[in-house]
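Let me begin by presenting the structure, written as structure tokens, before commenting on it.
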Amino acid sequence: KLIENINVCVCILVFFMHRLFDVELTCFLFFHVCRWYKHLHTLLPLWMGAQVANSVYSILYNYFLFLHYRLYDRLLKVAEMGHAKAMEKVAYAMLFGDYLPQSIPRAKEIFEKLALEGSPKAQTVIATALVYYTFGALGGNLLAHMILGYRYWGGVGVPQSCESALTHYRLVANHVASDVSLTGGSAVQRIRLLDEVENPGSSSGMLEEDLIQYYQFLAEKGDVQAQVGLGQLNLHGGRGVEQNHQRAYEYFNQAANAGNTHAMAFLGKMYSEGSEYVPQNNDTALHYFKKAADLGNPVGQSGLGMAYLYGRGVPVNYDLALKYFQKAAEQGWVDGQLQLGSMYYNGIGVKRDYKQALKFFNLASQAGHILAFYNLAQMHATGTGVMRSCHTAVELFKNVCERGRWSERLMAAYGSFKDGDMDSALVQYLLLAEQGYEVAQSNVAFILDQSESIFNENESYPRALLHWTRAAAQGYTVARIKLGDYHFYGYGTDVDYETAVIHYRLASEQQHSAQAMFNLGYMHEKGLGIKQDIHLAKRFYDMAAEASPDAQVPVFLALCKLGLIYAQQYLQDLNLNELLSQVDLDQLLGPEWDLYLMTVIALLLGTVVAYRQRQHQAVPRAPPAPPRPPAQPEQPAGEPEEQ
């Protein structure tokens with residue numbers, strides 16, 4: 001009966017939305033319905049059994065998928081009538097392939113038309129010249145400000161100007177910082193496709209579905225640590241888990257009932273902040289904060305300090321606020337450090353002290369708190385308590401800007417990549433790369449380097465080279481090595497050994513890259529783009545082996561080959577020039593003699609290792625001693641055993 005009622009309600013909703021001609025109301029209903037649907041998979045099991053919930057969820061999923069496509073069809077018809085906002089939605093859908101077939105030429109055509117009519121969003125998307133970005137920024141588009149900030153900071157297409165970059169980044173950072181809540185907002189997941197492909201799952205930080213289900217199983221069995229961990233994961237989102245306050249509340253509530261102080265404190269944070277599923281309630285928040293703080297929990301102490309600082313459920317008392325923030329900060333809790341810094345910075349309840357403010361803001365920034373970066377940026381931008389540094393301020397403001405709500409596009413692009421939709425992933429990463437995201441720039445270069453794309457073969461390598469260059473300028477070591485490889489092999493540019501040496505040397509000296517050191521050793525050995533020097537080649541090979549254990553085997557083989565070459569040169573210096581000058585290894589053994597030699601050495605090395613392992617296995621082992629019964633220590637009467 002419930003399923004039938006839901007079917008009827010959804011059919012009525014589809015009918016009315018299909019008949020709507022007002023695009024504003026259509027979009028309003030569309031996004032709010034989707035927002036409600038996003039949390040159905042947590043609400044349904046609470047209303048009914050799991051089996052019925054799965055059936056209802058499956059039906060609703062199909063209906064809402066139908067709604068997505070039907071509404072975009074509706075938007076498409078309204079866009080054809082010339083409605084600007086509908087045209088923007090349709091153009092974005094065609095650009096990224098969301099619910100409409102991806103058509104970049106058609107999206108470009110719509111954006112160009114909108115740009116001529118003065119749409120800031122369209123001017124930002126189609127920007128092929130600085131003037132479009134400027135118009136987009138003047139129209140109040142935050143992405144355009146971000147793009148201009150990055151271009152002025154890096155000197156991309158414009159003269160490098162730190163002050164201009166500071167102006168644009170500060171404007172966007174002000175907006176991002178104003179949206180940060182007490183809970184800190186959702187997490188930003190930055191995944192490098194190169195690392196994901198070479199070492200699946202090792203560096204992305206994403207949780208596998210099996211692992212999440214395992215933690216959920218532990219939580220259902222009453223494991224308090226699993227409940228708290230899943231609660232935090234759902235509260236902030238990230239690592240492949242969507243932000244879900246309802247589920248976070250359920251996990252925290254279970255752990256709090258079991259006496260966990262962290263769960264009590266986080267429940268207090270949720271009630272203090274309020275959300276769609278947890279109503280804002282200062283009294284309830286204060287109850288949880290006080291209960292956790294009395295047991296010495298730093299999260300509860302920090303929350304209690306916030307209550308006294310802003311008068312939430314209690315009279316304002318700066319002395320008590322300072323006391324609780326200090327207790328939380330002493331235990332290393334980031335919110336306590338941040339609020340202490342704010343009190344010293346603004347002189348609230350204490351004498352204004354910029355040195356103390358700088359100290360606590362730096363401590364909070366080490367834990368990655370976005371408001372700590374923002375406050376440090378303000379201090380460096382104005383020279384408050386520190387020597388003014390435009391460069392430092394821009395880097396800090398840039399960090400804040402890149403954690404705005406548009407960073408969610410990073411995960412959307414990664415999802416497209418995992419689904420095999422390379423064109424959609426590439427377009428999304430390209431837009432983020434224009435905004436200055438280094439991880440997006442390296443991912444664009446990786447996709448262009450590895451697979452066919454919307455660009456032809458003649459364009460792919462030059463564009464990949466451009467984005468590797470931008471990523472390297474932001475300190476990505478692998479990008480710097482890639483630049484050396486591109487100039488070494490002539491990908492997207494002419495073969496240039498001298499430039500390759502420059503990039504390898506930068507990666508070696510600045511980032512201590514073992515790969516760069518090995519490449520420099522090889523170029524010294526061969527005399528490519530640099531003076532041939534066997535001694536320097538050996539030095540770089542040794543440095544590579546010291547920098548990374550993974551380089552030891554390749555270095556061993558390279559040194560064996562180098563030793564043979566050195567021995568040949570040594571014999572030539574011993575008046576055997578006449579004899580040895582007649583010996584040409586290239587003619588005698590073939591042009592690839594060095595590869596043959598390295599193969600033989602590798603086989604010999606493998607034989608020795610296998611022989612030693614066999615000898616080790618042949619050594620007879622003594623039979624294991626029978627296990628002894630554990631000693632039973634005397635237990636005082638009345639005292640329980642420790643678990």
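No experiment lies behind these values; they were computed from the predicted model shown.
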Short side-chain to backbone donor-acceptor contact, [X] and [Y], under 3.5 Å:
| X | Y | answer |
| --- | --- | --- |
| Ser407 | Gly404 | yes |
| Thr382 | Gln378 | yes |
| Gln160 | Trp153 | yes |
| Gln339 | Asp335 | no |
| Asn443 | Val439 | yes |
| Arg388 | His380 | no |
| Asp419 | Asp421 | no |
| Gln435 | Met146 | no |

Any non-hydrogen side-chain atom of [X] less than 4.5 Å from a side-chain atom of [Y]?
| X | Y | result |
| --- | --- | --- |
| Asn375 | Leu338 | yes |
| Tyr374 | Phe361 | no |
| Val176 | Glu402 | no |
| Val299 | Lys269 | yes |
| Phe397 | Phe373 | no |
| Arg480 | Trp468 | no |
| Leu410 | Tyr437 | yes |
| Arg409 | Leu431 | no |

Look up atom [atom1] in [X] and atom [atom2] in [Y], then write down how far apart they are to the nearest 0.5 Å.
| X | Y | atom1 | atom2 | result |
| --- | --- | --- | --- | --- |
| Tyr251 | Asn244 | OH | CG | 9.5 Å |
| Ile481 | Leu506 | CD1 | CG | 11.5 Å |
| Arg312 | Phe289 | CZ | CZ | 8.5 Å |
| Leu376 | Ser389 | CG | OG | 12.0 Å |
| Tyr152 | Ile147 | OH | CD1 | 13.0 Å |
| Lys291 | Leu267 | NZ | CG | 10.0 Å |

Is it true that the side chains of [X] and [Y] contain a donor and an acceptor less than 3.5 Å apart?
| X | Y | value |
| --- | --- | --- |
| Glu163 | Thr167 | no |
| Gln441 | Gln474 | yes |
| Tyr271 | Tyr249 | yes |
| Ser416 | Gln428 | yes |
| Arg170 | His145 | no |
| His245 | Asn234 | no |

Residues at least two apart in sequence or cross-chain that pass salt bridge (Lys or Arg N to Asp or Glu O under 4.0 Å) with Arg470, listed by chain then number, are Glu434
What verdict does the side chain to side chain contact (heavy atoms under 4.5 Å, CB included) test give for Phe417 and Leu426, after you've listed the backbone C-alpha separation in whole Å, the side-chain angles of each residue and the deciding distance to 0.1 Å?
CA-CA 8 Å; Phe417 175 80; Leu426 179 59; over 6 Å; no
Taking it one step at a time, do Leu194 and Tyr476 satisfy side chain to side chain contact (heavy atoms under 4.5 Å, CB included)?
CA-CA 12 Å; Leu194 178 63; Tyr476 184 34; 4.1 Å; yes
Kindly state each residue pair satisfying side chain to side chain donor-acceptor pair (under 3.5 Å) with at least one member in residues 314-332, sequence neighbours excluded.
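As it turns out, the side chain to side chain donor-acceptor pair (under 3.5 Å) pairs with a partner in residues 314-332, which skip direct neighbours, are Gln301-Gln331.
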Return each pair, listed once, that meets side chain to side chain donor-acceptor pair (under 3.5 Å) where at least one residue sits in residues 342-367; pairs must be two or more places apart or across chains.
none
Parallel under 30°, tilted from 30 to 60°, perpendicular over 60°: which one fits the rings of Trp406 and His175?
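It falls in the parallel class, under 30°.
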Residue pair [X] / [Y]: nearest heavy atoms and the distance that separates them:
| X | Y | answer |
| --- | --- | --- |
| Val444 | Ala433 | CG2-CB, 4.3 Å |
| Ala165 | Gly149 | CB-O, 3.3 Å |
| Ala329 | Leu340 | CB-CD1, 3.6 Å |
| Asp449 | Lys482 | OD2-NZ, 3.7 Å |
| Ala248 | Gly231 | CB-O, 3.4 Å |
| Ala293 | Leu304 | CB-CD2, 3.9 Å |

Check side-chain hydrogen bond (donor to acceptor under 3.5 Å, both in side chains) between Thr469 and all other residues, then give those that pass, not counting sequence neighbours.
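Expected list: none.
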Contacts of His467 meeting side-chain hydrogen bond (donor to acceptor under 3.5 Å, both in side chains) (sequence neighbours excluded), chain-then-number -> none
Could you go through Leu235 and Phe252, starting from their C-alpha distance and side-chain angles, then the distance that decides it, and tell me whether this counts as side chain to side chain contact (heavy atoms under 4.5 Å, CB included)?
CA-CA 10 Å; Leu235 179 64; Phe252 285 141; 4.1 Å; yes
Arg403/Glu408 under salt bridge (Lys or Arg N to Asp or Glu O under 4.0 Å): CA gap, chis, key distance, verdict:
CA-CA 9 Å; Arg403 296 171 71 173; Glu408 296 174 0; over 6 Å; no
Where do Val478 and Ser442 land on the side chain to side chain contact (heavy atoms under 4.5 Å, CB included) test, with the steps shown first?
CA-CA 9 Å; Val478 175; Ser442 61; over 6 Å; no
What pairs meet the salt bridge (Lys or Arg N to Asp or Glu O under 4.0 Å) rule with one or both residues in residues 435-444, with sequence neighbours excluded?
Arg192-Glu438
